[in-house]
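To keep things clear, I will list the structure first and then write my remarks on it.
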Amino acid sequence: QADDLIPSHLGKKTMSDALSDDGSDVHQDETQEEVMTPAELIGKLEEAWLNEKFSPELLENKSEVVECAMEQLSHMEENLQRVKKGDMKASVHRMEIDRIRFVLSSYLRARLQKIEKFFPHVLEREKSRGEGDPSLLSPEEFAFAKEYYANTETYLKAIALKRMPPNLQAVDMLKAVPEPCLDSFVFLRVKERQENIMVEPESDDQREYVVDLEEGSQHLMRYRAVAPLVSSGAVQLI
Amino acid sequence: MLAPVDLKFGPTRLPERHFFLARDHNTLRFFPRNRSESPAAGPVPGLFDFPCALFVFHGTGMFCEKAIELIRELHRMSDGQLPAFNEDGLRQVLQEMEALYDQNQSDVNEAKAEGRSDLIASIKLRHCCLLRNQRCVTAYLYDRLLRIRALRWEYGSVLPANVRFHMCAEEVQWFSQYKKSLASFMRSLGGGEGLDITQDMKPPKSLYIEVRCLKDHGEFEIDDGTVILLKKNSQHFLPRWKCEQLIRQGVLEHVMS
């Protein structure tokens, strides 16, 4: 239970608290006010992690969860320093910290790998999203993606492209780098009941049909059919 | 798991499959079997679906042969190892591209000036070969970058000398830039606090692990105050989190029973 490890003065944590210095009530209209216990925070982190691991495409960034989790970790580390040496509790707490840090690192790694693998598409998606749409990349990830693109382009030009005939000195990265395969199959568990989800036919003699997804049920489906449900949180990839 | 070599890298069109070779004045030229056929505009093929039906006599062999050789070199090392940079191979492909381009330039001029529409077929073929070469070269270079990228995650930011030896100067530069970007990304995580995500690669399974000391490292204090003497070949049962750093550095070795 993560609750045990959290310093008592923290108690229930709000997202906005994590982002402000003194923990006082921040302007509610500016940030998403969400009251979460530490256990809920870790739960959200694990959900984001599993979704990111099993989804073929890069999902929306959850930087608030990342920031809160990192703050949580440093509080726990601080607490651990104060525990009496040789106390049994210390090693269990240490394990918990390592576990959370592993999930967090794994989540960030999964995202980075997808950013690198699909870099022109990721940048294109970010560039063309609407004003009010949530961003795909965190500011740090965006900077990283741009640097990766520039680095790779510079390299290809320097080593080969500039030595090619004039009409062949450019490579269209969007065409050259493969896109994520949204038709890959994913396992999912339904969190909120969904009705009338369209399923595309697998063979020519089938026709498209609709299914209802019952809460708690588990399915194996093409990612494309459930993509919006993953981002809304209605289903969890497993 | 590294990306396989069959990257869909570079736009390409299927060339006309039905050429026949005939002598025209004193040179070999390519004629389409059916002159009214327009080039097949098929879907972008995977690198190895290409029906290498370029049975073309060019004196010394097929076009794009060297380019395919580069790809095969990487395909042979499917475990992600980085072979030495094939400077020669790359140069040969670039030279072939230059030659094809120059021949096309002169044919295009001749076709325009003298209305030689029979040259169009060979111009098209050379253009396909140029695109093919570009695609193979970029796939070769890009796949090597993916292997080099993986090295950062496996070995850390300082590469072993034998690996560096296989990289060309531009690849070393790319690597150096990549690790800078990665470092600055990791530093900026959590509002500037930073997190080294190249650590914690495996889920923590046990609290304590058995380790053997590979070299003398002197005294080592663990959390409960005990001091351990890390002498070469000594074995200890230590907290895992304390050992990770030393295992990476090669001071300790995890003994799996």
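By convention in this document, chain letters (A, B, ...) are assigned in the order of the sequence lines, proteins followed by strands, and residues within each chain are numbered from 1.
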Go through the atoms of [X] and report whether side chain, backbone, both or neither lie under 4.5 Å from a heavy atom of chain B.
X      : value
A:A160 : both
A:T152 : both
A:L161 : side chain
A:A170 : backbone
A:Q113 : both

Apply side-chain contact (heavy atoms from CB on, under 4.5 Å) to A:F185 and A:Y223, showing your working. CA-CA 6 Å; A:F185 280 94; A:Y223 175 77; over 6 Å; no

Leading residue by heavy atom contact count with chain B [cutoff under 4.5 Å; candidates [options]]:
options                        : answer
A:S106, A:S74, A:A143, A:A150  : A:S74
A:R109, A:R101, A:E141, A:M70  : A:R109
A:V103, A:N167, A:L104, A:T154 : A:N167

Any luck finding a side-chain donor-acceptor pair between A:S138 and A:E140 under 3.5 Å?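 Short answer, yes.
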
Report yes or no: do B:R147 and B:Q81 form a side-chain donor-acceptor pair below 3.5 Å?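 Distance-only check fails for B:R147 and B:Q81.
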
Contact winner vs chain A - [options], heavy-atom pairs under 4.5 Å:
options                        : result
B:Q173, B:E193, B:R149         : B:R149
B:Q199, B:M201, B:Q177, B:E98  : B:M201
B:D102, B:D196, B:L182, B:T198 : B:L182

Beyond-backbone contact of B:F175 with B:E171, side-chain heavy atoms, under 4.5 angstrom: no

Non-hydrogen side-chain atoms of B:L189 and B:I197 separated by less than 4.5 Å: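 Touching, per the 4.5 Å side-chain cut-off.
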
Less than 4.5 Å to any heavy atom of chain A: does that hold for the side chain of B:L130, its backbone, both, or neither?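 Contact with chain A: backbone and side chain both.
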
For B:K180, which atoms come within 4.5 Å of any heavy atom of chain A: side chain, backbone, both, or neither?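 For B:K180, no heavy atom lies under 4.5 Å from chain A.
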
Using the test side-chain contact (heavy atoms from CB on, under 4.5 Å), find all partners of B:V108 that sit at least two apart in sequence or belong to another chain.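 Partners of B:V108 by the side-chain contact (heavy atoms from CB on, under 4.5 Å) criterion, ordered by chain and then number, come out as B:K112, B:I123.
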
Please enumerate all residues that pass side-chain contact (heavy atoms from CB on, under 4.5 Å) together with B:F165, with sequence neighbours excluded.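 side-chain contact (heavy atoms from CB on, under 4.5 Å) check on B:F165 returns nothing, list empty.
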
Do the rings of A:F119 and B:Y142 sit parallel, tilted or perpendicular, given the 30° and 60° boundaries? tilted

Determine the interplanar angle of the B:F85 and B:Y140 rings, folded into 0 to 90°, and report it as parallel if under 30°, tilted if 30 to 60°, perpendicular if over 60°. tilted

